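Single-structure report; data block below.
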Amino acid sequence: MTLRRRGEKATISIQEHMAIDVCPGPIRPIKQISDYFPRFPRGLPPDAGPRAAAPPDAPARPAAASAGRRSPSDGARDDDEDVDQLFGAYGASPGPGPAPSPGRPPAKPLEEEPDADGYESDDCTALGTLDFSLLYDQENNALHCTIAKAKVPRLMFSRKGLKPMDHNGLADPYVKLHLLPGASKANKLRTKTLRNTLNPTWNETLTYYGITDEDMIRKTLRISVCDEDKFRHNEFIGETRVPLKKLKPNHTKTFSICLEKQLPVDKTEDKSLEERGRILVSLKYSSQKQGLLVGIVRCAHLAAMDANGYSDPYVKIYLKPDVDKKSKHKTAVKKKTLNPEFNEEFCYEIKHGDLAKKTLEITVWDYDIGKSNDFIGGVVLGINAKGERLKHWFDCLKNKDKRIERWHTLTNELPGAVLSD
């Protein structure tokens, strides 16, 4: 190590830094390499003297006496201690500063200020906020979600709004909704995409149909903001989650929430994946037509049967027992959707008194070209049904000329004769 005279400026080469703890001599604990590389942007402070970091209560030694008793190994050790003390005094400071005077303790290092242009200092600043409102229409079993806008955070940063995702410093944001737990594509809704903006305003309402009071207790709405990319995969910006139990029926609740980083979806307790979807059916016995009117209104959250993650669904209905095998009716096929809307009605000519002995079987199928159609799910209404299915049938028999609509959950438990198309 190069020895220096008193009063000379401390200059230490990189080779000397690396050799401090490997020189021959007594075994000493090896310090971390960061101890020898303080954060000085332009070298050492100009006022760093050879003894700047000496303790204030350390007794001064005469220079001559000290030099007279010094051995070569002692000289190397003293120089090593000088370097340690020097870097220990200045290494923790973010910038150059004066050495501590003997009359006061060393000053505490300054805390780093948040990066004004960075997006990692705070999630609210990094990802932006979202304004939206939720309304549960209990009578129609519908959940309305109105996406208003992405709100600029009220923080004094140079960049505001959503996090830029594209090379031009902007984004092409859209919002998508998922009901958790549940299959993602079966209950996914999304807004339109707004181009080249960090402060989008949608004012768009997305609606989930077939939402029951039980769903409002156990399900959570996941709202994600993403950036659309035509040439690559769409990028995630941020998300928020709202438990539906926070909503009161028929009351609109407004939210302004900070977007958060993506959270994992727990599929271990995802029992709703066993469901095959839901169907909205209307029943009415018409005294004028002397028959039962069956309306297939729509389906929601159907199971995906095709490789593209969707289905091509249609509905078949039977009124059994069907001796003449003439009770089969079929809706049109809806292409590439898990939430089809049919709005079709079929009529069975039958006496009102005979309906108590009948059973209405409703099945939903996925249409395929060149191979057998896939069974999605079904439901049975009639005297042998239970719960809401039985109640729906009896309400129809008791209320002539009154159209009664109910949502029913599709299952795969149907008589074997129906499972072949």
Side-chain angles (χ1 to χ4, degrees), residues 130-148 175-191 202-225 238-260 262-283 297-304 337-341 364 376-377 379 381 385-392 395 404-411:
L130 185 67
D131 291 356
F132 62 95
S133 62
L134 300 177
L135 169 63
Y136 173 48
D137 186 353
Q138 190 175 34
E139 181 179 356
N140 297 315
N141 296 104
L143 176 64
H144 304 285
C145 180
T146 300
I147 306 298
V175 178
K176 62 180 180 179
L177 310 180
H178 291 99
L179 279 178
L180 302 176
S184 60
K185 285 204 171 183
N187 56 46
K188 181 180 75 172
L189 300 176
R190 61 164 288 175
T191 67
W202 288 279
N203 289 328
E204 187 173 346
T205 300
L206 306 175
T207 302
Y208 280 105
Y209 296 97
I211 302 298
T212 63
D213 292 340
E214 181 183 357
D215 293 329
M216 297 299 295
I217 295 176
R218 67 186 184 93
K219 293 212 170 191
T220 298
L221 180 63
R222 177 188 182 189
I223 306 177
S224 307
V225 182
E239 72 169 34
T240 185
R241 300 187 183 185
V242 180
L244 297 185
K245 60 184 178 181
K246 292 185 176 181
L247 305 180
K248 295 181 180 179
N250 306 316
H251 283 76
T252 301
K253 186 170 184 179
T254 303
F255 298 85
S256 181
I257 299 181
C258 262
L259 295 175
E260 301 175 356
Q262 192 168 15
L263 302 175
V265 178
D266 186 11
K267 295 185 178 180
T268 57
E269 300 179 357
D270 196 355
K271 297 181 180 179
S272 70
L273 291 177
E274 301 173 0
E275 296 182 2
R276 312 293 292 180
R278 296 177 185 179
I279 186 169
L280 179 59
V281 179
S282 67
L283 297 178
V297 183
R298 68 191 310 151
C299 295
H301 317 157
L302 294 180
T337 178
L338 300 178
N339 299 280
E341 188 171 353
V364 183
I376 297 179
V379 62
L381 307 179
K386 296 180 180 179
E388 287 295 323
R389 295 169 293 171
L390 177 61
K391 187 176 184 299
H392 192 187
D395 288 345
I404 301 175
E405 284 187 356
R406 295 283 169 79
W407 282 94
H408 298 286
T409 300
L410 299 175
T411 65

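Numbering of residues begins at 1 and proceeds along the displayed sequence. All of these numbers come straight from a predicted model, not from anything done at the bench.
- Panel note: side chain Arg276, backbone Ile376; a donor-acceptor pair is recorded below 3.5 Å.
- Residues Val364 and Cys299 approach most closely at CG2-SG, 4.3 Å, considering heavy atoms.
- With sequence neighbours excluded, the residues forming a side-chain hydrogen bond (donor to acceptor under 3.5 Å, both in side chains) with Asp137 are Asn140, listed by chain and number.
- Of all the heavy atoms in Lys219 and Pro181, the pair that sits closest is NZ-O, 3.3 Å.
- With Tyr208 contributing its side chain and Leu177 its backbone, the two residues share a donor-acceptor pair below 3.5 Å.
- Interatomic distance, OG1 of Thr409 versus CD of Glu388, reported as 9.5 Å (0.5 Å rounding).
- Not counting sequence neighbours, the partners of Leu135 by the side-chain contact (heavy atoms from CB on, under 4.5 Å) test are His144, Thr252.
- Partners of Thr220 according to the side-chain hydrogen bond (donor to acceptor under 3.5 Å, both in side chains) rule, which considers only residues two or more places apart in sequence or in another chain, do not exist here.
- The line from CG of Leu259 to CD1 of Ile223 is 9.5 Å long, rounded to the nearest 0.5 Å.
- The side-chain hydrogen bond (donor to acceptor under 3.5 Å, both in side chains) search around Asn203 returns none, not counting sequence neighbours.
- Inter-residue side-chain proximity for His301 and Ile211 is flagged as met; some heavy-atom pair is nearer than 4.5 Å.
- The two residues Ser256 and Asp131 make their nearest non-hydrogen contact at OG-OD1, 2.7 Å.
- Shown here for Ala303 and Leu338, the closest heavy-atom pair between the two residues is O-CD2, 3.9 Å.
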Side chain to side chain contact (heavy atoms under 4.5 Å, CB included) assessment of Asn339 paired with Arg298: CA-CA 7 Å; Asn339 299 280; Arg298 68 191 310 151; 5.8 Å; no

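- Distance SG/Cys145 to CD/Glu204: 10.0 Å, rounded to 0.5 Å.
- Going from atom OG of Ser282 over to atom CZ of Arg406 covers 12.0 Å, rounded to the nearest 0.5 Å.
- The main-chain N or O of His392 is never found under 3.5 Å from a side-chain atom of Asp395 such that the two would form a donor-acceptor pair.
- Listed here is the closest heavy atom pair of Asn141 and Thr212: ND2-CA, 4.0 Å.
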Would Tyr209 and Trp407 count as a side chain to side chain contact (heavy atoms under 4.5 Å, CB included) here? Give the steps. CA-CA 9 Å; Tyr209 296 97; Trp407 282 94; 3.5 Å; yes

Kindly determine whether Thr240 and Phe255 satisfy side chain to side chain contact (heavy atoms under 4.5 Å, CB included), including the steps that lead there. CA-CA 11 Å; Thr240 185; Phe255 298 85; over 6 Å; no

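- In this structure, the separation between CG on Leu244 and CG on Asp215 is 8.0 Å, given to the nearest 0.5 Å.
- Between Lys246 atom NZ and Lys253 atom NZ the span is 6.0 Å, to the nearest 0.5 Å.
- Nearest approach of Ile147 to Leu130, heavy atoms of both residues: CG2-CD1, 4.3 Å.
- Residues Leu221 and Arg241 are not in side-chain contact: their nearest non-hydrogen atoms beyond the backbone lie 4.5 Å or more apart.
- With sequence neighbours left out, the side-chain contact (heavy atoms from CB on, under 4.5 Å) criterion links Lys245 to Pro243.
- No side-chain heavy atom of Val175 sits under 4.5 Å from any side-chain heavy atom of Phe132.
- Thr205 meets the side-chain hydrogen bond (donor to acceptor under 3.5 Å, both in side chains) test with Thr146; sequence neighbours excluded.
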